[in-house]
Amino acid sequence: MARTKIKEILKGNLIDQTVNVKGWVRTFRNNSFIALNDGSSIHNLQAVVNFETTDDNILKRITPGACISVTGLLIASQGKGQTVEIKVTDIEIYGDSESDVSKSHSYPLQPKAHSLEYLREIAHLRFRTNTFGAVFRVRHTLAYAIHKFFNDKGFVYLHTPIITSSDAEGAGEMFRVTTLDTKNPPLTDEKEVDYKQDFFGKSTNLTVSGQLEGELGAMAFSDVYTFGPTFRAENSNTTRHLAEFWMIEPEMAFFDLKDNMALAEEMLKFVITYALENNKEDIDFLSQRLFDEEKQKPQADRSELTLLEKLHFCLGNEFAKITYTEAIDILRESNHNKKKKFQYIIEGWGADLQSEHERYLVEKHFKKPVILTDYPKDIKSFYMRQNEDGKTVAAMDILFPGIGEIIGGSQREERLEKLENRMNEMNIPTHDLQWYLDTRRFGTCPHAGFGLGFERLVLFVTGMTNIRDVIAFPRTPNNCEF
RNA sequence: UCCUUCUUAGCUCAGCUGGUUAGAGCACAUGACUGUUAAUCAUGGGGUCCCUGGUUCGAGUCCAGGAGAGGGAGCCA
């Protein structure tokens, strides 16, 4: 008979009907009660077998991790933990799972709590836990919500290339893409590697950003966005960085910095709302999980709000919007600065903010998301639009509590001469980027865009604290398992 | 890359100023029980104390080097 997903069964509409359910055993209690999960819901379905009429050899094979198919009558549960349960009449075992830990290949997920660090070592199986099941269902919903948000606004989803030949963006170290023999590469007369003989006839890398290509799209479709993998070969070892991550980069013609900020805030609130509406049970679970974890910490280190409260607080308040210059004033005048509690004391205008400063603004001063704008031009990228003061650019960073920078964006410099001058000042070779400069030559217009680090968004919405726990198979320095 | 903490049973950890047979909880196995909720009760098995070298009568414990992991910083999304 046709299989029904557990999420559907748990709605309770199929009561008193015979149903078939397939999934993986979480626990088997009392020789009778199977907690079955098929990933459609955080909740398990209880399947009750009659051990007196079931073959012992079958009962012994109902172990954590085993994949089974059960058929039976869906009835109101006599027990307290659930409303419905299946009274099993037929059981088929698709795949056994060795539970005896003394055997060489036993199922690594025991019916007990495991640390996130341990689960990270078995990332191929961690989806089968409550926490990671919830995280990855939420991740899916957020991805879908992003597409929905932009689609509903008439944006075109532009697939920008993953292999690029431009290394002029300065967004970070790049991974080289080559088919040359690394032991014996062809050399030029100058004894350098001759990339003219490489696959593409030139030196190529994995993309660090689709923004420049995105701008080309915005100059035709008005509104585009990209959503794809991005690569940085930085030796970053933190809970917020990955070598391979997913980035969303919208680019809008006729947008100035204010429009850009408004869109970013609207998008973040939309996708968080969408996840709360469509993954309520998962987020409830994650909120409780975080609450239980926080209870282990000393009181001073605990966060004041639960995950759910944090998400609702974020939705219910306008993001604080201040300029870099205002931020420097706030920081300089803060007691924190005067009492020299910062490791880096704020003295003057022009220095980049350290993460301790960003955290102070977000978590202590404003206590909500903060959009910082108009940074000094010398600490920002060449393509950002120069302000009238000659010192700052129309940049914006959105800072989230616990995460730091979740979005970086700007109004772009649409004036050809100003852009070329800035590129020359910053030693960006213009000859490689003529295609980019063409947008400024042929029908240039004011435009703006931003980049959202998808995993950082997932971190915020799930309350997880390590970015390696919100991407299926994390790639970080010295780690490329699975 | 820098700073810092850690590495002991399948998992999570305890193991004091170095001392002779290295412990706990959970998991696992066996049995009992049979409407449980990570069931309960009883019994049991299970260790290259991360690796290499050193100090010492004696090292899980001290020292040096290495490997791996966590947290923080930088870079950023």
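FYI, side chains are in, hydrogens and waters are out, and symmetry mates aren't considered; it's all heavy atoms of this structure. The shown structure was predicted, so the numbers you read here are calculated from the model rather than taken from an experiment. Numbered from 1 within each chain, the chains take letters A, B, ... in sequence-line order.
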Partner set under ring-ring contact (aromatic ring centres under 6.0 Å, His included) for [X], not counting sequence neighbours:
| X | value |
| --- | --- |
| A:Phe227 | A:His147, A:Phe454 |
| A:Phe400 | A:Phe319, A:Phe460 |
| A:His357 | A:Phe342 |

Pairs under 3.5 Å (Watson-Crick or G-U), crossing ones as [ ], inter-strand ones as |: RNA chain B comes out as (((((((..((((.....[...)))).(((((.......))))).....(((((..]....))))))))))))....
Among [range], which residues get a heavy atom nearer than 4.0 Å to RNA chain B?
| range | value |
| --- | --- |
| residues 237-247 of chain A | A:Asn237, A:Thr238, A:Thr239, A:Arg240, A:His241, A:Leu242, A:Phe245, A:Met247 |
| residues 124-149 of chain A | none |
| residues 58-79 of chain A | A:Ser77, A:Gln78, A:Gly79 |

Contact pattern, 5' to 3', of nucleotides 40-50 of chain B - B, S or - by protein heavy atom under 4.0 Å | -----------
Side chain [X] and base [N] donor-acceptor under 3.5 Å:
| X | N | answer |
| --- | --- | --- |
| A:Gln110 | B:rG10 | yes |
| A:Glu52 | B:rU34 | no |
| A:Asp100 | B:rA29 | no |

Does the pair A:Ser209 and A:Glu249 meet the rule for a side-chain hydrogen bond (donor to acceptor under 3.5 Å, both in side chains), with working shown?
-> CA-CA 8 Å; A:Ser209 162; A:Glu249 295 178 285; 2.9 Å; yes
Kindly compute the distance separating CE (A:Met396) from CE (A:Met261), expressed to the nearest 0.5 Å.
->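 Result: 7.5 Å between the selected atoms.
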Would you say A:Phe175 has more than 12 foreign heavy atoms packed within less than 6.0 Å of its CZ?
->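 More than 12 within 6.0 Å, yes.
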Does any pair with a residue in residues 42-71 of chain A pass salt bridge (Lys or Arg N to Asp or Glu O under 4.0 Å), and if so which ones, sequence neighbours excluded?
->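 Residue pairs with at least one partner in residues 42-71 of chain A: A:Arg61-A:Asp96.
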For A:Asp282, check salt bridge (Lys or Arg N to Asp or Glu O under 4.0 Å) against everything at least two apart and list the hits.
->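 So A:Asp282 forms a salt bridge (Lys or Arg N to Asp or Glu O under 4.0 Å) with A:Arg137.
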Could you tell me which residues satisfy salt bridge (Lys or Arg N to Asp or Glu O under 4.0 Å) with A:Glu8, sequence neighbours excluded, listed by chain and number?
->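 Salt bridge (Lys or Arg N to Asp or Glu O under 4.0 Å) list for A:Glu8, sorted by chain: A:Lys11.
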Are A:His447 and A:Glu215 close enough, and set up right, to give a side-chain hydrogen bond (donor to acceptor under 3.5 Å, both in side chains), and what steps lead you there?
-> CA-CA 8 Å; A:His447 62 290; A:Glu215 287 186 52; 2.7 Å; yes
With a 3.5 Å cut-off and sequence neighbours excluded, list the donor-acceptor pairs that the side chains of residues 27-36 of chain A form with protein atoms.
from: A:Thr27; atom 1: OG1; to: A:Arg29; atom 2: NH1; distance (Å): 3.1
from: A:Ser32; atom 1: OG; to: A:Asn30; atom 2: O; distance (Å): 3.0

Phosphate oxygens OP1/OP2 of B:rG74: is one of them under 4.0 Å from a side-chain N or O of A:Ser355?
->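 Yes, such a contact exists.
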Measure from the side chain of A:Glu85, starting at C-beta and using heavy atoms only, and say which of B:rU12, B:rG74, B:rU36 lies closest.
->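 The answer is B:rU36, which lies nearest to the side chain.
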On a whole-Å scale, what distance lies between the P atoms belonging to B:rC16 and B:rG74?
->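 Going atom to atom, P in each nucleotide, I get 37 Å.
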